[in-house]
Amino acid sequence: MLKVYNSLTRKKQEFIPIEPGKVRMYVCGMTVYDFCHLGHARVLVVFDIIVRHLRSLGYEVTYVRNITDIDDKIIARARENGESINALTERFIAAMHEDADALGVLRPDFEPRATESIDNILKMIQRLMDKGFAYQGSNGDIFYSVSQFPDYGRLSGKRVEDLRSGARVEVNDAKRDPLDFVLWKAARPGETSWPSAWCEGRPGWHIECSAMSTDCLGVHFDIHGGGLDLQFPHHENEIAQSEAATGEPFVNYWIHNGFVEVNEEKMSKSLGNFFTVREILKQYQPEEIRYFILSSHYGSPLNYSDDNLKQARSALQRLYTALRESKETGADTVHDNDAYMQRFQDAMNDDFNTPEALAVLFELTRALNRAREQGDPAAGGLAATLEALGGRLGLLQAEPETYLRGQAGAGGQGPTDQEIDALLIQRRAARDARNWAEADRIRALLIDMGIELEDGAEGTRWRRA
RNA sequence: GGCUGGGUGGCAGAGUGGUUAUGCAGCGGCCUGCAAAGCCGUGGACCUCGGUUCGACUCCGGGCCCAGCCUCCA
């Protein structure tokens, strides 16, 4: 039985889809004006494994992840760069896809863009106007009237009165209530805009997700996800808009992933303490980033540090080393590994507990190494199980030797494979001559270059540490 | 100030009312020319103060501390 922590109820609950056997899921994606940083990578990877797990349970999943390709920051950045909005967003959409692909993130089934959803957005705003949930402010903007929606604040656990008295809300005379938010923003001269019944303008941020999600998935769907920072106000506003417009419940399960932190502080653009995926990829292999993300529960903070990435690397090396040895052993007898499969499944069913699932992988690895050393033919089956379960997390799908010899860590420096092979031939000669001093000298040389050796029965193997 | 989540061994990170998490690092052993990898064994923890209980790291209450949201942010 799958259990999911639902932000709406603040409880772990049994997951029951609206339509048996099917899951409809929407995740807030990127605003494309810059490269993805680790925080974005976490969203991509976390919901990727959620989709993978749901599918492994046999659900037919429709996964939608939107792209916000029009907003204030995009407009500002395009202006700074002196390029068109379209050129800017296309560039960063392509970059995002590259990063996601590198991290082994499966593409969503639909990837709607705000600028391609204007009709739906306008229709929804019109419905909100018709039903009295929206009004035009004195500046021409269309606002959502929060006081019309009694449930406002349920998702984020906030009370409307508290929000008003907190009043860190921007002062805007055009609004009737400081809590009201923009649905349609009147365009200033020269800004990208679309015609509407009210004025030339562009969509507010929150409405696009309401329009795109209900368009792709229907007015009522199963899962809505995103970073914890979207819980309020973005997701709160989505609920208010969607439920007011459709008169139906919007979403059954809200899933929010925790932040990536740096030195115990949220990684964010405004703090400037972020690391982009491509920066990190200069130092680490993509799978190491993926492992790092999965090594903590999706809802917990994830502290970014070089040390933690290194730990991810060590862990992956252990897993791949076991796989490499066993593949070469070649044994592939059937073995009853149901216990491991079951424990893995149980872990994932418990609110996608990836650290627990990884622990199962390591226990499997120990069993595998032991079996192999003892010449137990069960090794082949254990290796196959390890690879299969790793695959459910999007891990361990590379050729072990390819991973272990890695290209990263090099970051452009470091010896080439040819240089390494040349040194290994020299060392081999020294060893054959029992010239241990020379052999050890060459080994030390390689270690200095970040290459570790393993002398085995069938020769010497190496990997990049 | 309001609200949310959290404080676990050297580090990372799960979990449980009474039994080994797991990985890295450490220590001892096996293996190895020596290493590495691997295997076997091993030390080490549950912020604090009360309460409930035969028994709490795990449940309840107070305190302290941390992060986050309340403004754009994954």
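Worth saying up front: this structure is predicted, and the values here are computed from it rather than measured. Proteins get letters first, then strands, A, B, ... in listed order; numbering begins at 1 in each.
- Using Watson-Crick or G-U wobble geometry with both donor-acceptor distances under 3.5 Å, A45(B) finds no partner in any strand shown.
- Side-chain atoms of R443(A) come within donor-acceptor range of the base of A35(B), with a qualifying N/O pair under 3.5 Å.
- Here D440(A) pairs with R443(A) in a salt bridge; the nearest charged N to carboxylate O distance falls below 4.0 Å.
- If you take CG of L155(A) and P of U4(B), they are 13 Å apart, rounded to a whole angstrom.
- Using atom P as the reference point in both U53(B) and C64(B), the two lie 28 Å apart (nearest Å).
- The phosphate of A21(B) has neither OP1 nor OP2 within less than 4.0 Å of any side-chain N or O from R343(A).
- Remark: P of C66(B) and CD of E264(A) are 11 Å apart, rounded to the nearest angstrom.
- Two residues are said to be in side-chain contact when any heavy atoms from C-beta on lie closer than 4.5 Å; V105(A) and R65(A) meet this criterion.
- As a whole-Å value, the separation of L319(A) CG from U22(B) C1' is 11 Å.
- Remark: side-chain polar atoms of R290(A) are paired, donor with acceptor, to backbone N or O of G104(A) under 3.5 angstrom.
- For D440(A) and G33(B), a side-chain-to-base donor-acceptor distance below 3.5 Å is present, hydrogens and geometry of angles not being considered.
- Distance noted for atom C1' between C72(B) and G68(B): 16 Å (whole Å).
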Which atom pairs link the protein and nucleotides 6-9 of chain B when you take only N or O atoms and keep those under 3.5 Å?
none

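- Whole-Å rounding puts the I442(A) CD1 to A36(B) P distance at 19 Å.
- In terms of polar N and O atoms assigned as donor or acceptor, the side chain of N308(A) never comes within less than 3.5 Å of the base of C11(B) in a complementary pairing.
- Side-chain atoms of D109(A) do not come within 3.5 Å of backbone N or O of V64(A) as any donor-acceptor pair.
- In terms of phosphate contacts, S300(A) brings no side-chain nitrogen or oxygen within less than 4.0 Å of OP1 or OP2 of A12(B).
- As rounded to the nearest Å, C73(B) and A12(B) have P atoms that lie 30 Å from one another.
- Residues R318(A) and N369(A) are in side-chain contact: their nearest non-hydrogen atoms beyond the backbone lie under 4.5 Å apart.
- One atom, CG of L302(A), and another, P of G13(B), lie 7 Å apart when rounded to the nearest Å.
- The aromatic ring of W436(A) stacks onto the base of G33(B), its centre lying under 5.5 Å from the centre of the six-membered base ring with the two planes under 30° apart.
- Judged by distance alone with a 3.5 Å cut-off, no donor-acceptor contact links the side chain of K310(A) to the base of C24(B).
- Nearest to the side-chain atoms of R431(A) among the listed nucleotides G33(B), C24(B), A74(B) stands G33(B).
- Base pairing of A14(B): no nucleotide in any strand meets the Watson-Crick or G-U wobble criterion (both distances under 3.5 Å).
- Nucleic acid contact class of R427(A) (heavy atoms, under 4.0 Å, all strands): base.
- With R463(A) contributing its side chain and Q317(A) its backbone, the two residues share no donor-acceptor pair below 3.5 Å.
- Separation of the C1' atoms belonging to G55(B) and G18(B) is 6 Å when rounded to the nearest angstrom.
- At the heavy-atom level, S7(A) lies nowhere under 4.0 Å from the strands shown.
- Of the side-chain N and O atoms in N369(A), one or more sit less than 4.0 angstrom from OP1 or OP2 of C39(B).
- For R10(A), no side-chain nitrogen or oxygen approaches OP1 or OP2 of U4(B) to under 4.0 Å.
- Contact of Q311(A) with C11(B) (side chain to base): a donor-acceptor pair of N or O atoms is detected under 3.5 Å.
- Distance L228(A) CG to C70(B) C1': 13 Å, rounded to the nearest Å.
- The base-pairing partner of C39(B), taking Watson-Crick or G-U wobble contacts with both distances under 3.5 Å, is G29(B).
- Pairing partner, C69(B): G2(B), with both Watson-Crick or wobble hydrogen-bond distances short of 3.5 Å.
- In terms of polar N and O atoms assigned as donor or acceptor, the side chain of R159(A) never comes within less than 3.5 Å of the base of G2(B) in a complementary pairing.
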What nitrogen or oxygen pairs link the protein and nucleotides 15-17 of chain B at under 3.5 Å?
| from | atom 1 | to | atom 2 | distance (Å) |
| --- | --- | --- | --- | --- |
| G15(B) | OP1 | N353(A) | ND2 | 3.2 |

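- Across the P atoms, A21(B) and G44(B) are found 11 Å apart, a figure rounded to whole Å.
- At the phosphate of C70(B), neither OP1 nor OP2 sits under 4.0 Å from any side-chain N or O atom of R164(A).
- Checking A56(B) for Watson-Crick or G-U wobble geometry (two distances, each under 3.5 Å) identifies no partner in any strand.
- K158(A) contributes a side-chain N or O that forms a donor-acceptor pair with the base of C69(B) under 3.5 Å.
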Under 3.5 Å, which donor-acceptor pairs link side chains of residues 25-38 of chain A to any protein atom two or more places apart or in another chain?
| from | atom 1 | to | atom 2 | distance (Å) |
| --- | --- | --- | --- | --- |
| Y26(A) | OH | N66(A) | OD1 | 3.3 |

